[in-house]
Amino acid sequence: MSESGEMTEFGYIMELLAKGKVTIKNIERELICPACKELFTHPLILPCQHSICHKCVKELLLSLDDSFNDVGSDNSNQSSPRLRLSSPSMDKIDRINRPGWKRNSLTPRTMTLPCPGCEHDVDLGERGISGLFRNFTLETIVERYRQAARAATAIMCDLCKPPPQESTKSCMDCSASYCNECFKIYHPWGTVKAQHEYVGPTTNFRPKILMCPEHETERINMYCELCRRPVCHLCKLGGNHSNHRVTTMSSAYKTLKEKLAKDIDFLIGKESQVKSQISELNLLMKETECNGERAKEEAVTHFEKLFDVLEERKSSVLKAIDASKKLRLDKLHTQMEEYQGLLENNGLVGYAQEVLKETDQSCFVQTAKQLHLRIQKATESLKSFRPAAQTSFEDYVVNTTKQTEVLGELSFFSNGVDIPEINEEQSKVYNNALISWHHPDKEKADSYVLEYRKINRDEEMVSWNGIEVCNTSKIVSNLESNSHYAFRVRAYKGSICSPCSRELILHTPPAPVFSFLFDEKCGYNNEHLLLNLKRDRVESRAGFNVLLAADRIQVGYYTSLDYIIGDAGITKGKHFWACRVEPYSYLVKVGVASSDKLQEWLRSPRDAASPRYEQDSGHDSGSEDACFDSSQPFTLVTVGMKKFFIPKSPTSSNEPEHRVLPMPTSIGIFLDYDKGKVSFYDMDHMKCLYERQVDCSHTMYPAFALMGSGGIQLEEPITAKYLEYQEDVLS
């Protein structure tokens, strides 16, 4: 019969089953191949005692061969929902069927196959498919099942000339079906064929004697208790079973049949218990259904009370409840089907009763052992009955006791999802905000949601903005200047989320970030200063030239500042930039200066005069103190020796302890060109340390100066590469 014909026949059989026209009862689940999901066709017994169609075994082996980039593939049953392979080459099929085949090798090897029944890899040995027994008992039951389903469908004679007549008997020796006339012609009296065994019309022909797959000319007559399979005397004498314990086939037949019959009687005797447990499962399913619906109603009620805020959350909660209810109902339904199979004439018991009808000892033994183990497992399940799912939906009760501010957090909180922790050291704000966090167990979270909102001074409620993130850091852009923002993060595992992390408050810069690099042309002294290729870091090498000129020093000697400026100027608006001064720096000045003042400084001959005598040199020698009440075209603050020095002013104390602060990690400079004001900030807390008026009648440039050893690093704008840096550090 062709594969398409088998599929049509299978559909026809299932249609008859649905109409209740099949006499053999409720054992179809036992007759379906786990690979192709159809009635078994020439089933083979795997070493794990599960059966699978012969063609399915070949398809599985061919699919495994394809995974190793071998050419070609086997022909699959087009009706199979799982196995759909392209047409194989004859050479490849021959290699699959040939014992001990191996790709690109003449050396025999063992073959492994994933069993579709138990999903374990089973070793087929060196003989492969050739070493597997054919399950004739199962094949006979399947054929009996087919005949019951197609009782009205006749089996036609194989020898008639067209049109064929309906067959009346089948010859087991000829493996063919005959009408009365053809049977007389091909089995004449007085010949050997007249002694052939014949049965009623059938399409299932099996050999009278079960032969050993290892020794094809020997019939099996023993049973290996270790391997749990029939063997012949050659297997015991010098084969793979020479050191195994074996018993006679009649003894194994008698023992297994007695055990199987006893277990079947026990299950039949427990039929009332099985029915009671099925009734309990039905009640549990109804209770689960009711509790699920009740949980849905309660959730709907709570959401309706706060509809304006919770409308977006309602659908997700209902979906979560439905998903949990469906999962539990599926588990309970599957468990109920398994218990229904324990009833008399149903499923497993019905199949076992059919196996007991087997009279051939060898065929019975090869089928009964695995069936006996299954019945034993079913018996054990009766002793420790436990529902497969809980009926309570306590974890899905929506909490509406919190204030409106936290309504967005409503979810099914679970202790299984840990709370993330925001890393304050790695989180920063500049042109954008970079938020990084740590999660104790990343494998327990599928994703994260970073939430942020602006904190208004008038305490007006602002809703949270959420961003779904797959890693543990995120850049948030389009934040307003000079504003406080709160950030928090939650971890999600499916529809379950963790509580929110502790909030992190960050203050954005007072103005948009002004981007520039160090100017390597205007006034840059490459003898004293070292500028990197990116032009965002400069170091002072002062000291070496002084040592070379030390023989000229007899009396007082003064070293001037080495200036470097930004490559972009400011002519209007508000701007902010930041830099880091290296802790080892001796003396560094940072600030702003006008274009005309810079020209004056940069034209001054170096080492010619002490900066004390240069009124506007920028050195902290009292020049700034002298003109604090008048606007000047530059302002520079002094940083060095891990200290930040605040210039003298009428509003500040002249005591040194009040003018010296710890050096911030990063120093921010804010220039309001239109108002003529410059401010200096501690970037860690966005706190203003010092501010004063400045003359902005000309183009203003970011200005820096170094004396002695020192280094300045410009803060880079926060971009996607910050995430790359963090991933490199974490990995």
Distance-minimising heavy-atom pair for [X] and [Y]:
X	Y	result
L479	Y452	CD2-CE1, 4.0 Å
L284	T391	O-CG2, 3.7 Å
Q335	A388	OE1-N, 2.7 Å
P420	V489	CB-CG1, 3.7 Å
W437	K474	CZ3-N, 4.0 Å
L132	P47	CD2-CD, 4.0 Å

Rounded to the nearest 0.5 Å, how far does [atom2] of [Y] lie from [atom1] of [X]?
X	Y	atom1	atom2	value
S463	E451	OG	CD	10.0 Å
I435	I718	CD1	CD1	8.5 Å
K259	L373	NZ	CG	9.5 Å
N291	S324	CG	OG	11.0 Å
S501	Y448	OG	OH	11.5 Å
M285	L332	CE	CG	6.5 Å

Is it the case that the side chains of [Y] and [X] hold a donor-acceptor pair, with the cut-off being a distance below 3.5 Å and no angle test?
X	Y	result
H439	D418	no
H484	N456	no
S436	N423	no

When you compare the side chain of [Y] with that of [X], does any pair of heavy atoms fall below 4.5 Å?
X	Y	result
H54	T41	no
V449	V469	no
L504	S427	yes
L260	I375	yes
S51	T367	no
T288	F393	yes
C36	K55	yes
Q366	R229	no

Honestly, is R488 close enough over W464, meaning NZ or CZ under 6.0 Å from the six-membered ring centre and within 45° of the axis?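 Flagged: R488 positioned over aromatic ring of W464.
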For side-chain hydrogen bond (donor to acceptor under 3.5 Å, both in side chains), just list the numbers for T508 and N482, CA-CA rounded to whole Å, side-chain angles, deciding distance to a tenth of an Å, and then say yes or no. CA-CA 5 Å; T508 58; N482 198 25; over 6 Å; no
Hey, does the side chain of R453 reach the backbone of Y485 with a donor-acceptor pair shorter than 3.5 angstrom?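 Checking the backbone N and O of Y485 against the side chain of R453, no donor-acceptor pair under 3.5 Å is found.
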Check K325, R294, K326 against E289 for a salt bridge (charged side-chain N to carboxylate O under 4.0 Å, His left out) and give me the one that passes.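 So the option named by the test is K325.
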Would N465 and V476 count as a side chain to side chain contact (heavy atoms under 4.5 Å, CB included) here? Give the steps. CA-CA 11 Å; N465 299 305; V476 182; over 6 Å; no
Would the number of heavy atoms belonging to other residues, nucleotides or ligands and lying under 6.0 Å from CD of Q370 be above 12?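 Yes - once you tally the heavy atoms of other residues, nucleotides and ligands closer than 6.0 Å, there are more than 12.
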Side chain to side chain contact (heavy atoms under 4.5 Å, CB included) evaluation trace for E480 with K454: CA-CA 9 Å; E480 295 183 16; K454 181 181 177 182; 2.4 Å; yes
For the pair E421 and R502, find out whether any cationic side-chain nitrogen is under 4.0 Å from an anionic carboxylate oxygen.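 No, E421 and R502 are not salt-bridged.
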S447 and side chain to side chain contact (heavy atoms under 4.5 Å, CB included): which partner among R490, E468, K493?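 So the option named by the test is E468.
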